[in-house]
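In what follows, every heavy atom counts, from backbone to side chain, and hydrogens, waters and symmetry copies are set aside.
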Amino acid sequence: MRIRPLPPLNSLVAFEAAARYLSFTAAASELSVTQGAISRQVRQLEDYLGRSLFVRENRTIALTPAGLQYYQTVSRALADVSEATSELIHWQGDRQVTVATTNAMASLWLLPKIPAFQRNYDDVEIRILASDQLYDLSRSDFDLGLMYCPTPPPSLNATPLFREEVFPVCSPAYLQRSGPLGGPEDLLGRTLLYLEDARAEWFSWKEWFHRVGVDSAGPRGHLNINNYPMLIQAAINGQGIALAWGHLLDHHLESGALVRPVDTHLRTEACFYLLEPEHRVRVKPAVRAFRDWLLTTLRDEREAVGRGMTDPDPLSGITEE
């Protein structure tokens, strides 16, 4: 059923403020409009109702009997709307989790895991803030951060998630086309996919070759790409060999979309961290639920790897608070 009659709603807000202050000037200041705008809105409401709401004399205003009665009703109604709106906004905020991370971490690691969380927490809204420029998370509006770094930022609470292995990957089709590789030195004769503008803590091919003891003075060819997910897609498409970060590409390796052309790998000293603002008044229930779920998922994955492999390399010190 349509609610009618309804006066101009903007005029109601202007009238309520003017009646509360008994001043068009104070109402204008509160609503960030001019005094003339308040006067026009009130006059529009009076014209709609067909009666005066204020007595205007000597630059002062007072409510008429009809104005006082109307103000009491309008004030209660607007207060109810305000309270309902506040509760809805507060609920949405409490049920939303903003996760700040890089494009690579978001697309290759986090997004594939989100459906499992949503099956158990379908009332929680996940907001992913993905950017490769998130160098200063302390200035970002986020609940949880997922970042790879040598040491965690001092202004954030950090929980270590896992260390990484870095190793070459390519598509099965590329490996079949280019022929088998005997060792890491054979990579120099293949097309290597280079990540441009990589963050300092990410390994380059040059550093990887140096760390595994191979002189990389003259690789035959390379393709430069400035986005890691795109670089991995190029590897899946058979366009060359990429440097892989193990946990980020587990599902591609398990599915067979990517393979390891050589067994050589490099263990990194840095690790992925779960980062949280240091001084939070309260932790939202949704944030706590997502954090606990993520740490439990990683723990279960480590235990599964430990049962199936002789060298699971668990990260010591990981805790669940």
Side-chain angles (χ1 to χ4, degrees), residues 99 101-119 126 128 130-132 146-148 161-181 184 186-187 190-199 201-205 207-209 212 222-268 270-272 294 297-309 311-315:
V99 183
T101 187
T102 63
N103 286 304
M105 189 73 168
S107 62
L108 298 173
W109 188 84
L110 181 59
L111 281 174
K113 296 180 182 297
I114 292 298
F117 174 79
Q118 291 176 321
R119 283 194 291 271
I126 303 297
I128 297 176
S131 172
D132 292 329
L146 295 170
M147 300 294 287
Y148 177 81
L161 298 179
F162 45 79
R163 293 191 179 96
E164 267 294 13
E165 288 185 352
V166 183
F167 49 84
V169 294
C170 64
S171 70
Y174 180 89
L175 186 60
Q176 183 178 14
R177 186 170 66 249
S178 65
L181 283 72
D186 293 341
L187 293 166
R190 305 297 192 270
T191 300
L192 303 182
L193 304 177
Y194 279 73
L195 179 63
E196 285 188 347
D197 303 324
R199 295 168 59 189
E201 60 268 19
W202 282 60
F203 279 88
S204 65
W205 273 113
E207 184 177 5
W208 189 86
F209 279 124
V212 301
H222 58 267
L223 176 63
N224 296 321
I225 301 175
N226 69 347
N227 177 280
Y228 190 70
M230 289 175 56
L231 183 145
I232 293 304
Q233 188 59 52
I236 293 173
N237 293 343
Q239 295 175 257
I241 301 174
L243 274 180
W245 300 73
H247 285 85
L248 295 187
L249 297 181
D250 281 347
H251 63 288
H252 286 314
L253 293 167
E254 292 168 2
S255 71
L258 293 173
V259 296
R260 298 174 63 163
V262 297
D263 293 331
T264 307
H265 64 270
L266 181 66
R267 293 255 174 93
T268 69
C271 70
F272 283 90
L294 184 64
T297 298
L298 289 174
R299 183 195 62 202
D300 293 344
E301 289 177 354
R302 288 197 309 276
E303 291 176 353
V305 170
R307 289 192 296 269
M309 298 176 59
D311 185 20
D313 187 35
L315 177 64

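Residues Glu165 and Thr268 fail the side-chain proximity criterion, which asks for heavy atoms closer than 4.5 Å. Met105 places a side-chain heavy atom less than 4.5 Å from the side chain of Phe272. Residues Arg190 and His222 have side chains not in contact (no heavy-atom distance under 4.5 Å, counting atoms from C-beta outward). For the pair Leu243/Phe167, no side-chain contact is recorded, criterion being any heavy-atom separation below 4.5 Å from C-beta on. Within the 4.5 Å cutoff, side-chain heavy atoms of Leu248 are placed close to those of Glu164. Side chains of Glu196 and Ile225 form no contact here, defined as non-hydrogen atoms less than 4.5 Å apart. At a threshold of 4.5 Å between non-hydrogen side-chain atoms, the residues Val259 and Val169 do not count as touching. Side-chain contact between Leu146 and Leu294 is present, with heavy atoms from C-beta onward closer than 4.5 Å.
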Next on the checklist: What verdict does the side chain to side chain contact (heavy atoms under 4.5 Å, CB included) test give for Phe209 and Leu192, after you've listed the backbone C-alpha separation in whole Å, the side-chain angles of each residue and the deciding distance to 0.1 Å?
Outcome noted: CA-CA 12 Å; Phe209 279 124; Leu192 303 182; 3.8 Å; yes
Item to check | Worked check of side chain to side chain contact (heavy atoms under 4.5 Å, CB included) between Ile241 and Trp205 | outcome: CA-CA 10 Å; Ile241 301 174; Trp205 273 113; 4.0 Å; yes
Item to check | Working for side chain to side chain donor-acceptor pair (under 3.5 Å), residues Thr102 and Tyr228 | outcome: CA-CA 10 Å; Thr102 63; Tyr228 190 70; over 6 Å; no
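The aromatic ring centres of Phe162 and Trp245 sit 6.0 Å or more apart.
Here the closest heavy-atom approach between residue Asn103 and residue Pro229 is recorded as O-CG, 3.8 Å. Among all heavy-atom pairs drawn from Leu181 and Asp186, the shortest one is C-OD2, 3.6 Å. Counting all heavy atoms, side chain and backbone alike, Pro112 lies closest to Leu108 at CG-O, 3.8 Å. The two residues Ala130 and Ala106 have their closest heavy-atom pair at CB-CB, 3.9 Å. The nearest pair of heavy atoms linking Ala242 to Ala235 is CB-CB, 4.1 Å. The two residues Leu110 and Val99 come nearest to each other via the heavy atoms CD2-CG1, 3.9 Å.
Between the side chain of Trp208 and the main chain of Val166, a donor-acceptor pair closer than 3.5 Å is present. Here the side chain of Arg260 pairs no donor or acceptor atom with the backbone of Cys170 at under 3.5 angstrom. Put simply, the side chain of Thr191 never gets that close to the backbone of Gly240: no donor and acceptor are under 3.5 Å apart.
Note that CG of Leu111 is 9.5 Å distant from OG1 of Thr101, once rounded to the nearest 0.5 Å. To the nearest 0.5 angstrom, His247 atom NE2 is 7.5 Å from Glu301 atom CD. Separation of atoms CG (Leu249) and CD1 (Ile232) is listed at 4.5 Å; rounding is to 0.5 Å. To the nearest 0.5 Å, the span separating CH2 on Trp109 from CG on Leu161 amounts to 6.0 Å. In this structure, CG in Leu193 is found 9.5 Å from CG in Asn224, a value given to the nearest 0.5 Å.
Partners of Asn237 by side-chain hydrogen bond (donor to acceptor under 3.5 Å, both in side chains), not counting sequence neighbours, listed by chain and number: Gln233.
Residue Gln118 places its CD atom among more than 12 non-hydrogen atoms of other residues, nucleotides or ligands, all under 6.0 Å distant.
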